[in-house]
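One structure follows; several queries about it will come next.
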There are 2 protein chains.
Amino acid sequence: MTAQRRVVAEVLDGDHVHLTADEVHTRAVAKLPEISRATVYNTLGELVSLGEVLEVATDKRAKRYDPNAHRPHHHLVCARCGAIRDVHPSGNPLADLPDSERFGFTVSDVEVTYRGLCPDCAAAA
Amino acid sequence: MTAQRRVVAEVLDGDHVHLTADEVHTRAVAKLPEISRATVYNTLGELVSLGEVLEVATDKRAKRYDPNAHRPHHHLVCARCGAIRDVHPSGNPLADLPDSERFGFTVSDVEVTYRGLCPDCAAAA
DNA sequence: GCTTGACTTGGACTCGATCTAAGTGAGGGT
DNA sequence: ACCCTCACTTAGATCGAGTCCAAGTCAAGC
């Protein structure tokens, strides 16, 4: 546990936090000016393989990192401004995939992304 | 409708077709050697805005283009080899998101990606 | 036969992400 | 104490996907 890793972990703390690697780097630099982008990427990669942080790809631009890895959840994304909220749908979408639609796959996981407009963007439209 | 656009449309034809822009370009070149990458991107972009083709981002690498735009469907992806199948879950995942989990958003769309192992990769594992 | 305008081309460029080679520093062994 | 080692970090190069732009092409209309 080095100072750099602690800083990255600190930046990724809280609910509904979904920062890009670059945003993580910017905030980490504020706390530890000499930290490099490569280290941020390395550390994020380790946190992901440790299962402490999830990668989410809600837009096709930069990946985002979600510290809320311990409670399964899905994402609600504003199509206009990109705001992201964690959501917990009722029911289990995995159960909605009938055997006839599994093509022999061993299905182990499901990702759901809801898209729409956040209240602010809906008001502006 | 130019020769270039016809070629791109021809390449994107069939079920369970999910090519990257680069694969589309490679196949288009086989039919029309002088077609440029920019034109492939332009044409794919137009097909997407016309609603004839869907962009899917099942991995965080290149976008893929799915000509099966007219019947709503979701995707089943092999975590090991990247194979993609179109699937049609029972039920409507949109209905599974209670109002209390919508945070005032106007939710209009939902994307579901199932992940697992395809029969071949499961056998190899 | 010219002009116009839409389409195409190729190359430069952007951006996110990864890789590499060199630098740093804390422990461990002697 | 001293040095060795090895993991970690750094800066910058590189990569890959995608976009941009200036110049080129070509067909339709005047």
Residue mapping more 5' on DNA chain D - nearest nucleotide basis, B:D22 or B:N42: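 The residue whose closest nucleotide sits nearer the 5' end is B:D22.
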List every contact pair, protein side and nucleotides 6-8 of chain D side both N or O, where the distance is under 3.5 Å.
from  : atom 1 : to   : atom 2 : distance (Å)
D:dC8 : O5'    : A:R5 : NH2    : 3.4

Can you sort out the partners of A:E23 under salt bridge (Lys or Arg N to Asp or Glu O under 4.0 Å), two or more places apart, ordered by chain and number?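 Listed in chain order: A:R64.
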Applying side chain to side chain donor-acceptor pair (under 3.5 Å) as the test, list every pair that has at least one member in residues 33-42 of chain B; sequence neighbours left out.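 Every side chain to side chain donor-acceptor pair (under 3.5 Å) pair that includes a residue of residues 33-42 of chain B, provided the two are not neighbours, is B:S36-B:T39.
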Can you give me the N/O atom pairs linking the protein to nucleotides 18-24 of chain C at distances under 3.5 Å, or say none if there are none?
from   : atom 1 : to    : atom 2 : distance (Å)
C:dT18 : O4     : A:R37 : NH2    : 3.4

Taking side chain to side chain donor-acceptor pair (under 3.5 Å) as the cut-off, I'd like each qualifying pair that reaches into residues 89-106 of chain A, sequence neighbours left out, listed once.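 Pairs touching residues 89-106 of chain A that pass the test: none.
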Within this structure, what is the CD-to-C1' distance between B:E23 and D:dG18, rounded to whole angstrom?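 From B:E23 CD to D:dG18 C1': 15 Å.
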Quick one: which residue pairs count as a salt bridge (Lys or Arg N to Asp or Glu O under 4.0 Å) with a foot in residues 65-90 of chain A, not counting sequence neighbours?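 For residues 65-90 of chain A, and leaving out neighbouring residues, there are no salt bridge (Lys or Arg N to Asp or Glu O under 4.0 Å) pairs at all.
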Run through the side-chain heavy atoms of Ile, Leu, Val, Met, Phe, Trp and Tyr, join any pair under 4.5 Å, and report what else lands in A:V112's cluster.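 In the cluster with A:V112 are A:L76, A:V87, A:L94, A:L97, A:F103, A:F105, A:V107, A:V110, A:Y114, B:L76, B:V87, B:L94, B:L97, B:F103, B:F105, B:V107, B:V110, B:V112, B:Y114.
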Only distances under 3.5 Å count here; give the side-chain donor-acceptor pairs of residues 118-125 of chain B to other protein atoms, sequence neighbours excluded, each with its distance to 0.1 Å.
none

Looking at NE2 of A:H75 and NE2 of A:H16, how far apart are the two atoms once the value is rounded to the nearest 0.5 Å?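 A:H75 NE2 to A:H16 NE2: 9.5 Å, rounded to 0.5 Å.
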Residue closer to the 5' end of DNA chain C, A:A62 versus B:I35 (nearest nucleotide):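 Checking each residue's closest nucleotide, the 5'-ward one belongs to B:I35.
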What is the distance, to the nearest angstrom, from the CD atom on A:E55 to the C1' atom on C:dA17?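 These atoms are roughly 11 Å apart.
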Would you compute the distance between atom CD of B:E111 and atom OG1 of B:T58 and round it to the nearest 0.5 angstrom?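 The distance works out to 10.0 Å.
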If I take atom NZ in residue A:K60 and atom P in nucleotide C:dC15, what distance separates them, rounded to the nearest angstrom?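 For the pair A:K60 NZ and C:dC15 P, the rounded distance is 18 Å.
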If you link I, L, V, M, F, W and Y whenever their side-chain heavy atoms are under 4.5 Å apart, who else ends up in the same group as B:V77?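 Members alongside B:V77: B:I84.
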Roughly what angle, to 10°, lies between the helix axis at the start of the helix from C:dG1-D:dC30 to C:dT30-D:dA1 and the one at its end, five pairs per end?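 It works out to 10° between the end axes.
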Could you tell me how far apart A:D59 (CG) and C:dG16 (C1') are, to the nearest whole angstrom?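 Roughly 11 Å, once rounded to whole Å.
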Nearest whole Å is fine: how far is C:dC7 P from B:R6 CZ?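 From B:R6 CZ to C:dC7 P: 16 Å.
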List for me each residue that meets side-chain contact (heavy atoms from CB on, under 4.5 Å) alongside A:A69, sequence neighbours excluded, and say none if there are none.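 In terms of side-chain contact (heavy atoms from CB on, under 4.5 Å), with neighbours along the sequence ignored, A:A69 is linked to A:L54.
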Partners meeting side-chain contact (heavy atoms from CB on, under 4.5 Å) with A:R61 (sequence neighbours left out):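 For A:R61 the side-chain contact (heavy atoms from CB on, under 4.5 Å) partners, ignoring immediate neighbours, are A:D59.
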